[in-house]
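To start, the structure itself, in structure tokens.
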Amino acid sequence: MKSIQYILFTMNQVGVLPSRQELLQSLELVCSVLQSESCIYRPRDCDGNPGGLLDFRTCQLPLVVVPDLHARCDFFTRILDFIPPVDFLSGLSIRQALEQEKVCVVCVGDGLHSEGRAKDRWRKAFDNYLAKDFCGAAMQEEMTEGLALMLSVMHVKTQWPRLFHFLKGNHENITNKDTGGDFSFFKYAYEGEMTTQFIDSYYGNDVLLQYAAFEHKLPLFMAYASCLISHAEPVTVFSAQQIIDYHHNPDVVYGLTWTANDDAQDGTVASMLSSFIPDVVCNHQPCYFAGHRPVSGTYSLRQDGLFIQIHNPSKQNIALVYPNRVFNPNTDILSVEN
């Protein structure tokens, strides 16, 4: 297998769509990795498959929380090359720390769809879509960015499966289905349907189904020593077992990936923190991270300050969670752009 440095360089520099063979092989490999994840940190569901919960509550490694990526391959590359403050990783880059097993990284999901930063491109692609041209120049440019990112995510996952994780977001729905807690997506165009049609037309139905299998195997939620993470704000309180059995609980999938601001029940975050990270385990105030709904600044606080939204699509920020100190959103959310 090619090195991750080579893959990230070529995918980011050449700017061409991956071949059918490369995409299919990468999908098959990452599906195998996800299916074989250790039950020590990813408990099995009622069918014996890896469940929706990543349980790292006993982990004492520093944690990097990555907000929505939305086809930003440059953002992902910069994250791996970023050198955090010396007291976080002792001067190592995040990539070097992964290689030395000194850090854990979790992405909150939403890999495809560039959204607002490329809204004009989406509108051009939509014109082509209406003319039954599913693989026009605008859509090829969009999917080049999105697949470059997701191939990079897949390869990092296969290299460091225990330390790197990508959660399911509401955009992880390649077939644009309306079942299982997923819903079809459209914003600036028919992004969900257009992506489905592109993959099916350009790569074939077998690749589309394999990509859907990859999304189906993604975890939904992480419990860490001092924080919880999901794509969206929990709409209600979910138990560990409900999250583990997420494929049998559409309400859990929907309730952790689609929640709009002000739609969640009051106190859900406090209740889940109390359940997953009781005071006898956590020596300081825990918090809950998510992306999904954009913020205008560096972060936004909800649920009495316990819930921290970190997704600003115009910034390239990450959150650094130190293992033995209270998270401070004013100092521990940093940009990787420079």
Side-chain angles (χ1 to χ4, degrees), residues 30-31 33-35 37-38 41-43 45 49-57 59 63-72 75-76 79 98 103-113 146 149-150 152-154 156-158 160-174 180-183 185 211-225 227-235 238 240 242-247 249-259 264 269 272 276 287-294 307-311 313 317-319 321:
V30 76
C31 282
V33 167
L34 287 164
Q35 183 62 34
E37 291 209 85
S38 172
Y41 65 82
R42 192 169 179 191
D45 66 12
N49 294 312
L53 169 66
L54 295 170
D55 190 349
F56 282 87
R57 285 175 287 184
C59 182
L63 174 68
V64 177
V65 183
V66 179
D68 306 31
L69 287 165
H70 284 302
R72 293 182 289 171
F75 182 20
F76 189 68
I79 291 168
L98 283 168
V103 72
C104 189
V105 179
V106 60
C107 304
V108 305
D110 278 9
L112 296 179
H113 306 145
L149 167 70
M150 291 312 298
S152 299
V153 166
M154 293 175 206
V156 175
K157 178 62 183 178
T158 59
W160 302 294
R162 184 177 65 88
L163 298 175
F164 177 83
H165 303 279
F166 187 92
L167 304 181
K168 172 181 164 47
N170 63 305
H171 286 253
E172 273 65 62
N173 183 15
I174 197 70
D182 286 316
F183 290 88
F185 181 81
Y211 199 104
F214 156 65
E215 294 176 331
H216 187 73
K217 294 179 185 294
L218 290 172
L220 190 64
F221 177 91
M222 176 182 273
Y224 217 69
C227 64
L228 304 178
I229 307 105
S230 61
H231 178 68
E233 183 178 0
V235 72
F238 298 115
Q242 286 177 305
I243 296 171
I244 291 170
D245 290 330
Y246 68 134
H247 288 315
N249 294 309
D251 289 346
V252 175
V253 175
Y254 175 77
L256 290 175
T257 60
W258 271 100
T259 314
V269 167
M272 290 187 69
F276 281 92
C287 57
Y288 194 129
F289 293 99
H292 185 49
R293 296 300 177 183
F307 182 70
I308 307 175
Q309 295 172 311
I310 60 171
H311 171 48
N317 291 337
I318 58 175
V321 182

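The structure displayed is predicted, hence computed values, not measured ones. Nothing fancy with the numbering, it's 1 onward along the sequence.
Partners of Y41 according to the side-chain hydrogen bond (donor to acceptor under 3.5 Å, both in side chains) rule, which considers only residues two or more places apart in sequence or in another chain, are E37. In terms of the salt bridge (charged side-chain N to carboxylate O under 4.0 Å, His left out) criterion, residue partners of D55 (sequence neighbours excluded) are, by chain and number, R57.
Of all heavy-atom pairs spanning A213 and C31, the tightest one is C-SG, 3.9 Å. The nearest pair of heavy atoms linking F164 to V153 is CE2-O, 3.7 Å. L218 and Y246 make their closest contact through O-OH, 2.8 Å (heavy atoms, listed as atom of the first residue, atom of the second, distance). Across all their heavy atoms, P161 and V33 have their closest contact at CB-CG1, 3.6 Å. Contact record, A232 with T257: CB-C, 3.6 Å, taken as the closest heavy-atom pair. Closest approach of P234 and A264 over heavy atoms only: O-CB, 3.4 Å.
R293 has its side chain within reach of Q309: a pair of non-hydrogen atoms, C-beta onward, lies under 4.5 Å apart. Counting only heavy atoms from C-beta outward, the side chains of V64 and V106 never approach each other to under 4.5 Å. For the pair F289 and P67, the minimum side-chain heavy-atom distance is 4.5 Å or more. Counting heavy atoms from C-beta outward, N170 and D182 have side chains that stay 4.5 Å or more apart.
A distance of 10.5 Å separates CG in L112 from CG in L69, rounded to the nearest 0.5 Å. Taken from SG in C104 to CG in L163, the straight-line distance is 6.0 Å, to the nearest 0.5 Å. Residue F75 holds its CZ atom at 8.5 Å from SG of C107, rounded to the nearest 0.5 Å. Here L167 contributes atom CG and L256 contributes atom CG; the two are 9.5 Å apart, rounded to the nearest 0.5 Å. Considering CD1 of I243 and OG of S230, their distance stands at 8.0 Å, rounded to 0.5 Å. Taking CD1 from I79 and OG from S152, the interatomic distance works out to 11.0 Å, rounded to the nearest 0.5 Å.
Aromatic pair H216/H247: ring centres closer than 6.0 Å. A ring-centre distance under 6.0 Å is not found for H113 and H70. Remark: aromatic rings of H165 and F56 are close, center separation under 6.0 Å.
Panel note: side chain Q242, backbone N249; no donor-acceptor pair is recorded below 3.5 Å. Of the possible donor and acceptor atoms, none in the side chain of R42 sits under 3.5 Å from a partner among the backbone N and O of G52. Remark: side-chain polar atoms of K157 are not paired, donor with acceptor, to backbone N or O of F166 under 3.5 angstrom. For the pair T259 (side chain) and E233 (backbone), a donor-acceptor distance under 3.5 Å is present. Panel note: side chain E215, backbone I174; a donor-acceptor pair is recorded below 3.5 Å.
Between W258 and Y254, the angle of the ring planes stays under 30°, which puts this pair in the parallel group of the 30/60° scheme.
Partner F276 forms a ring pair (Phe, Tyr, Trp, His ring centres under 6.0 Å) with one of F221, Y288, F238, Y224 and no other, that one being F221. Between M222 and the options L53, V65, L54, L228, a side chain to side chain contact (heavy atoms under 4.5 Å, CB included) holds for only L54.
Between Q35 and N49, the side chains place a donor N or O and an acceptor N or O closer than 3.5 Å (distance only, hydrogens not considered). With hydrogens and angles left out, the side-chain atoms of D110 and H292 include no donor and acceptor closer than 3.5 Å.
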Evaluation steps, side chain to side chain contact (heavy atoms under 4.5 Å, CB included), between L63 and V103: CA-CA 6 Å; L63 174 68; V103 72; over 6 Å; no

Would N173 and F183 count as a side chain to side chain contact (heavy atoms under 4.5 Å, CB included) here? Give the steps. CA-CA 8 Å; N173 183 15; F183 290 88; 5.8 Å; no

